[in-house]
> 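Encoded as C-alpha cells, here's the structure I'll be asking about.
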Amino acid sequence: MTDMSPDERNRRINKLKRAFAYNLFCRQGVTSRSASLNDYYLAVSYTLRDRMQHFFVNSVEKLLEKDPKIVCYLSAEFLTGPHLHNNLVNLGLYEDFAQAAAETGLNLKEIINHEEEPGLGSGGLGRLAVCYLDSLSSLQIPAIGYGIRYEYGMFNQKIVNGWQKEFSDRWLHQGNPWEIKKPVMACEVSFGGRTEIYHTEKGIRRIRWRPTRVIMGVPYDTPIPGYKVNTVNYLRLWSTESHTSFDFSEFNTGDYYSAVADKLKAEAITKILYPSDEQIEGKQLRLQQQFFLVSCSLQDMIRLHLSRHSSLHNFYEHFQGQLNDTHPAVAVPELMRLLVDIHLYDWDEAWKITRKTLCYTNHTLLPEAMEKWPLDLFGSLLPRHLEIIYELNRCFLDEVRIKYPGDDGRLQRMSVIDETGPRYVRMVNLACMGAKVINGVAALHTNLLRKHTLADWDAMYPGKIRNVTNGVTPRRWIAVSNPRLTQLITEAIGEKWLTNLEELRRLEPLADDAAFQEAWRKVKEENKRDFAELMECRDNICVDPSVMFDVQVKRIHEYKRQHLNILHIITLYSRIKANPSLRITPRLFVFGGKAAPGYFMAKRIIKLINSVAQVINNDPAVRDQIKIFFIPNYSVKIGHIVYPMANLSEQISQAGMEASGTGNMKFSMNGALTIGTLDGANVEIRQEVGQENFFLFGLTVEQIMELRQKGYRPMDYYQNNESLRAAIELIRCGHFSSGDRELFKSIVDSLLYDDRYMLLADYQDYIDCQDRVSRLFEDKKSWTRMSILNTARMGKFSSDRSILEYSRKVWDVQPCPVELKWQELPEDGILFHSKDSGEQA
Ligand SMILES: *Cc1c(COP(=O)(O)O)cnc(C)c1O
C-alpha cells in the first residue's frame with residue numbers, strides 16, 4: 001500500500017470520497033446539506049468497516065481451509081476504547097482517510113474525536129482482554145473474543161461539588177457502526193426449574209433439565225483487525241432477547257401481561273455492566289449474566305466445531321477456551337452439561353474434553369474479590385449445574401483423599417463447596433479444578449499464588465500454575481495515542497518496533513544524544529501543552545507545561561492508595577505554608593478514576609482529592625508551585641491523552657495487592673518515570689528499565705507479612721513522625737472541608753486505627769523518594785536520559801509477547817497467516833450495501 005503511483009493513489013482517494021457520500025446518503029439518509037457530525041462519523045466508519053469485511057471474509061475462508069485451533073477468550077468485560085482511529089492505524093489507512101476527508105471538507109481528527117467509546121469494561125481486566133485481541137489478530141492467531149453486549153456500559157462519572165456522581169452510559173444511542181448482528185446464530189439459554197431422570201431406548205439412565213425460563217442470546221460481531229496483516233478476528237458479544245416463539249402455557253402464566261413481563265425480565269440480563277472492580281457482586285442478575293455469556297459462547301463453539309467435524313471427541317484440539325478471571329468459570333459445569341446431557345457423551349470422556357478445553361487466568365489476591373455464590377441462589381438458578389458440580393467435587397475430593405490421607409484441612413480448603421459457614425460455591429476452586437492451566441499475570445503475583453492463595457493446587461498439580469506477565473498493545477498505546485512520539489521513534493529506528501517492541505532497544509544509544517534529547521523533550525512538552533489547553537477550556541485551570549506532570553489514573557481503591565499520594569501533596573503544601581519563601585519543584589498533580597458506586601471509602605477519597613484541590617488551587621501562596629486536577633470520567637479516551645503527557649507515573653499500591661497493573665506499562669512506554677512499590681509488574685518493569693531508572697520505595701511483601709505477624713500499629717508511625725502527623729491533622733481538623741470535622745473522619749480513623757494497606761508505614765519512604773524525584777527533575781538531561789531508557793527497555797511489555805507466551809505455554813496454538821493481498825472493493829464500493837439493513841455479513 002506504500003509504493004503507489006500518484007494516479008493510483010488519486011483513484012483510491014476518489015473511491016473513498018464516493019464511499020463517504022454513498023454511506024451518508026444510503027445509510028444515514030442525509031446529504032451534506034443536513035448531515036451532522038455524527039452522520040459523518042457513521043459514514044466514515046461504515047466506509048472503513050466495508051473494507052474490513054473483505055479481510056474478514058478472507059480470514060474466515062482461511063479458517064475453513066486450514067481448520068486450525070482457535071483461541072476463545074471468554075471475558076465478562078471488553079474495554080475496547082474508540083474503534084475508528086485504531087482501525088485506521090491497524091489497516092494502514094489513516095493517511096488515505098485523512099486526505100479523502102479533507103478533500104470532502106471534513107476534519108478526520110474531529111470525526112475521530114466524536115466517537116463515544118463503548119464502556120463494556122470497568123478497568124484493567126477489560127482493557128487487557130482487548131489488548132490481547134489486538135495482539136492475537138496482529139500475530140494472525142485465529143481467535144474469537146466472547147463477551148456481553150451490555151446496553152448500558154460503565155457509568156459516566158461527573159464531579160459535582162467534589163463528589164462523584166454517576167450517570168448512565170447510553171453508548172448505543174447514536175448508533176454503533178462497528179457491530180453486525182447475526183440473528184441466525186442465536187442460542188437458547190435456560191434458567192431455573194428442576195432436573196429429572198429418564199432412560200433412553202437402550203435403557204441408559206440420563207438426566208434432563210426442565211428449566212422455567214428460556215431466553216435467546218443473539219450475537220453481535222465487531223471486527224478486530226490486526227496491525228498491517230490480513231487477519232481480521234472478531235469480538236462476539238451476546239445480547240438477550242426474549243424467546244421469539246414462547247408458549248404461554250409452557251411458562252404457565254396464562255395471561256398476556258405476565259408474558260410481557262417475562263420478556264422484559266429476559267432483556268434485563270444484558271442491560272447493565274456491574275461497575276465494581278476487585279469486589280464481588282453477589283447479585284442474582286450477575287450470575288445470570290455469567291451463565292448467559294458462558295452458555296451462548298460454548299454452544300457457539302460447539303456449533304462451529306460440528307459444522308466441520310462429526311464428533312466432539314477432538315473438540316479441544318480445535319477450540320481453546322480461556323477464562324478471564326472466574327467470571328466465566330461456570331463454563332466448567334456448562335461444558336460438562338452440554339457434552340453429557342445434550343451430546344450424550346459419557347461422564348469420563350466429557351470430563352477429559354472439558355479439562356483440556358478450558359484454561360483460567362487468576363487476576364487477584366484480594367479476598368473480597370474471590371467470587372463465591374450462595375448455594376441456594378446457585379441451585380435455584382442452575383439446578384443441573386449444581387448437581388454436576390457436586391459430582392465433580394465428589395470425585396475430585398476422592399483424589400485429594402488418596403493423595404493426602406487424613407488431611408481434612410486440605411479437603412475443606414480445596415472443596416468447590418465452602419462449608420465453613422453458610423454454604424457457597426467457590427468459583428476459584430471450580431476454575432482451578434476444570435482448567436488445563438492456571439496462570440497468574442506477573443511474576444510476583446504467580447509466585448504468591450503458588451506460595452499462598454493456590455498453594456494446595458500447586459502441591460497437587462505441580463506445573464499447572466504458570467506465569468504470563470500482562471502486556472499492552474503498542475499500537476493503541478503508542479501509535480494511536482501518541483503520534484508525536486511515534487513519529488520521533490520511527491524517524492530514529494524505522495517502523496519495525498510496532499510489531500516487535502524489543503526493537504525499541506535501538507533507542508538506547510540515543511539516550512545521551514543532545515539533539516535527540518531535545519526532540520524527545522519537545523514531544524513530551526507538546527503533549528503536555530495539549531492537556532493544559534484542554535484543562536483551561538474545561539475548568540479554567542491555567543498550568544505551565546514545563547512543570548512536572550505527576551499522574552495517578554486508575555480505579556479508585558484503597559489498595560491503590562490514592563490517599564498516600566494526597567498525603568504527599570499535603571506535606572508539600574505544609575512545607576510551603578511553613579516557609580513562604582520556599583521554592584519546591586513545581587508539579588501538576590493529576591488524578592482520574594471511578595469509584596464503585598457502593599464503595600463508601602473510595603468515594604470519600606475522590607471527595608478528599610477534590611477538597612484538597614479546591615484549597616490548594618485557590619491559595620496564592622502555593623498555587624504557583626502545586627496544582628491539582630481531577631479529570632472526570634477516566635476512560636480509554638482519556639487514557640489516550642494522559643499516558644503520553646505524564647512525566648511521573650504513580651504506581652504506589654501496597655506490595656502484594658496489585659496483581660500486575662497495565663497502566664504502569666502504558667506510562668513507561670510513553671516515557672514517564674515511575675515511582676512505585678515492588679508490586680505486580682512494577683517488579684519486572686524495574687528489572688527491565690534498570691533500578692537506576694525507577695523510583696522505588698515501600699515495604700516488600702515479606703516485610704509486610706512480618707510486620708503484620710508482629711502486630712501492625714499505625715499509631716506508632718503517626719506519633720513518631722511530625723510531618724505525617726501534621727498532614728493527617730490538617731485533614732482531621734477540617735482544613736480542607738471548611739471546618740467540617742466529620743467529612744473525612746472515616747478516612748482519618750481508618751488510617752489511624754486500622755490502615756489495612758499500611759500507608760503510614762510507607763509514608764516516610766514515599767516522601768523521601770518523592771524528594772529524590774523532585775531533585776532529579778531539575779536535571780533535565782538526566783531526566784530525559786532516564787525517560788528515553790524507560791521507553792527503550794519496555795519491549796517485554798508488549799501484549800504481543802504475552803500472547804506468544806500464552807500460545808506456547810498455555811494454548812498450544814499456531815498463527816494461521818492469510819496471504820491474500822488487499823482486495824479492492826468493486827468500483828461502486830457497495831458490494832455489502834445492497835440490502836442496507838446493517839444486519840447481514
Ligand atoms: C490501562 C487502563 C486501566 C488499568 O490501569 P491500572 O493502572 O493498571 O489499574 C484502567 N482503565 C483504563 C481506561 C485503562 O486504559
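Atoms within a ligand are numbered from 1 in the order they appear, just like the ligands themselves.
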> What is the ring orientation for Phe697 with Tyr766, classed by angle as parallel under 30°, tilted 30 to 60°, or perpendicular over 60°?
tilted
> Name each N or O atom in ligand 1 that is under 3.5 Å from a protein N or O, and give the partner atom and the distance.
residue  : atom   : partner : partner atom : Å
ligand 1 : 7 (O)  : Lys554  : NZ           : 2.8
ligand 1 : 8 (O)  : Thr662  : N            : 2.8
ligand 1 : 8 (O)  : Gly663  : N            : 2.9
ligand 1 : 9 (O)  : Lys560  : NZ           : 2.8
ligand 1 : 15 (O) : Lys666  : NZ           : 2.6

> So that I can tick it off, tell me whether Lys627 and Asp550 are bridged by a salt bridge, with the cut-off set at under 4.0 angstrom between side-chain N and carboxylate O.
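Answer for the salt bridge query: no.
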> With sequence neighbours left out, which residue pairs that include part of residues 477-489 fulfil the side-chain hydrogen bond (donor to acceptor under 3.5 Å, both in side chains) condition?
Asn482-Asn527, Asn482-Asn670, Arg484-Glu526, Arg484-Asn527, Arg484-Asp530, Gln487-Glu491
> Got a sec, which pairs hit salt bridge (Lys or Arg N to Asp or Glu O under 4.0 Å) with one end in residues 672-690, sequence neighbours left out?
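Qualifying pairs, neighbours excluded: Arg505-Glu688, Glu684-Lys796.
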> For the residue pair Ile144 and Arg236, what are the closest heavy atoms and their distance?
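That would be CG2-CB, 4.1 Å.
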> Just jot down the salt bridge (Lys or Arg N to Asp or Glu O under 4.0 Å) partners of Asp755, sequence neighbours excluded, or say none.
none
